[in-house]
Amino acid sequence: MKFENLGLSQPVLQALDLKGYDTPTPIQAQAIPPVLEGRDLLGIAQTGTGKTAAFMLPSIDRLREADNRIPFKSCRMLVLAPTRELAGQIAQSAKDYGAMAGLKVQSIVGGTSVGKDRNKLHRGTDILVATPGRLLDLIDQKAFNLSGVEILVLDEADQMLDLGFIHALRRIHQLAPAERQTLFFSATMPKAIKELVGQYCNNPVQVSVTPAATTAERIDQYLFMVQQDEKQTLLEMILQERHQVPGKFERVLIFTRTKHGADRVVKRLSQIGIPANAIHGNKSQPQRERALAEFKSARTPILVATDVAARGIDIPGVSHVINFELPNVPEQYVHRIGRTARAGADGIAIAFCAEDERDYLKDIRKNTDAEFERLPLPDNFRAVVEGVGPTKRAAPGQRTRVSPKPRGAPRPQGEAASQPKPKQKHPSRKGKPNRPGGFRGKPGGGSRRGSGGRRGPRAASA
Ligand code: AMP
């Protein structure tokens with residue numbers, strides 16, 4: 001299947017050519033023909049499946065074909081997205097895909113100047129990508145209206161609901177013209193979403209790309225059983241290559257459940273000389289943008305994020321997703337690990353599970369079909385955690401004595417030896433070495449007495 005076979009116009013095909021895409025992803029192959037026909041669409045898919053192009057490409061063609069004038073203080077296509085980051089990415093895609101079609105694209109998101117948004121929307125636009133709150137602000141100020149909307153897209157509707165946008169979405173539905181095409185995307189289909197679909201869509205064509213099936217194939221998922229207050233030590237040892245995990249580090253995205261937790265991880269990493277940024281709701285828009293830009297350029301290739309802030313992050317080359325804390329909602333796990341293995345690449349997800357997170361792990365296994373391969377803790381982990389390990393006294397500038405294991409090194413002895421040996425599970429990885437990689441911090445820096453700093457014996461793994 002090629003894009004040429006889907007009925008898209010020459011300008012759109014040229015734009016795709018420029019981006020180097022020639023084969024549609026499954027959701028694109030299924031969604032583009034009915035959207036070109038003007039049908040409403042319900043797409044059950046998460047980010048990473050190519051859904052942005054699935055709705056953007058045919059919509060661009062429909063806008064071109066209808067060739068209506070840009071409406072004053074309104075737009076012809078409205079795309080609603082839950083977060084600023086996702087809105088920014090969709091707007092960029094719209095610009096890329098619509099480059100040859102001459103369509104005007106704007107985006108408005110919270111946390112920026114409302115006055116500027118008012119000015120830029122005064123003359124209207126072809127495509128507007130917006131977060132719901134900012135859009136309603138402008139509508140309430142009579143700076144914008146929805147009367148010109150021909151195509152309405154809800155992207156990541158379940159996330160918008162999670163963020164409390166239900167009333168905003170109900171209002172927007174009432175304000176938009178009844179005569180329109182609606183394209184509705186959600187990774188999950190809880191009851192509230194089904195109700196929204198019923199309101200928004202008219203006999204939609206349903207296409208579904210189940211997240212578990214798409215992610216499980218390309219993401220190797222590993223698991224450490226580790227106590228909560230020892231997770232930081234384990235993270236540091238992994239990032240410093242003092243404990244080998246599969247895959248070569250390019251960009252590592254680390255998830256915590258709370259903003260405070262994200263800041264704490266960043267602070268502790270910086271104390272041992274590993275630069276990292278945090279991205280969460282308490283960060284200002286410029287701070288978030290800077291963190292993302294540094295992550296994208298791999299200048300600071302470690303980003304610690306909360307679920308909300310990381311929604312919609314689409315950065316090629318995320319080699320590892322580390323779940324420092326497990327999410328309490330299984331779908332969130334799928335969202336998280338979906339940040340790696342973008343656009344057909346392989347990816348690695350590593351989960352740290354503490355004793356009191358076992359129920360979350362059970363839920364994740366049950367609801368997502370995730371298959372984990374358990375990894376042993378470092379053989380010297382107990383000593384390092386208790387502050388008596390060999391890295392404890394490594395002088396600045398001196399290489400840690402616990403050096404990364406060379407490829408094919410014997411399995412660890414002692415406590416770790418009793419753990420199951422990682423096996424080659426995924427045919428796609430056969431023959432690929434599990435290359436270690438690391439971010440160099442101050443040698444010996446990880447010798448801080450673990451994250452908890454508590455002494456005394458305890459079980460290394462649950
Ligand atoms: P999305 O699910 O829309 O966030 O897209 C995930 C990533 O896949 C983005 O980086 C897209 O640019 C990329 N992508 C989308 N469609 C294709 C395609 N047909 N071929 C290769 N990459 C694609």
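Note that the numbering runs from 1 along the sequence shown for the chain. When a ligand or atom number is given, it counts from 1 through the structure's own listing order.
- Contacts of Asp22 with ligand 1, taken as heavy-atom pairs under 4.0 Å, are absent altogether.
- Separation of the Tyr97 and Phe3 ring centroids does not fall under the 6.0 Å cut-off.
- The closest heavy-atom contact to atom 21 (C) of ligand 1, among the options Phe185, Phe55, Tyr21, comes from Tyr21.
- There is a side-chain donor-acceptor pair under 3.5 Å between Thr300 and Glu294.
- Ring pair Tyr200/Phe184 is perpendicular by interplanar angle, where above 60° counts as perpendicular and below 30° as parallel.
- For ligand 1, the polar-atom distance check finds no N/O of Pro24 at less than 3.5 Å from any of the ligand's N/O atoms.
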* For side-chain contact (heavy atoms from CB on, under 4.5 Å), just list the numbers for Val321 and Ile348, CA-CA rounded to whole Å, side-chain angles, deciding distance to a tenth of an Å, and then say yes or no. => CA-CA 6 Å; Val321 167; Ile348 289 175; over 6 Å; no
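- Between Lys19 and ligand 1, a contact under 3.5 Å exists for no N or O pair.
- Atoms of ligand 1 found under 4.0 Å from any heavy atom of Thr52, numbered from 1 in the order shown, are 1 (P), 3 (O), 4 (O).
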Identify all side-chain donor-acceptor contacts of residues 67-75 below 3.5 Å with residues at least two apart in sequence or on another chain.
unit_1	atom_1	unit_2	atom_2	d
Asn68	ND2	Glu150	OE1	3.3
Asn68	ND2	Glu150	OE2	3.2
Lys73	NZ	Lys142	O	3.3
Ser74	OG	Asn145	O	2.8
Ser74	OG	Gly148	N	3.1

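- Of all atoms in ligand 1, numbered sequentially from 1 with element shown, those under 4.0 Å from a heavy atom of Phe3 are 19 (N).
- Those atoms of ligand 1 with a heavy atom of Thr23 less than 4.0 angstrom away are 18 (C), 19 (N), 20 (N).
- Side-chain contact check for Glu195 and Gln199: no donor-acceptor pair (N or O, by modelled atom type) lies under 3.5 Å.
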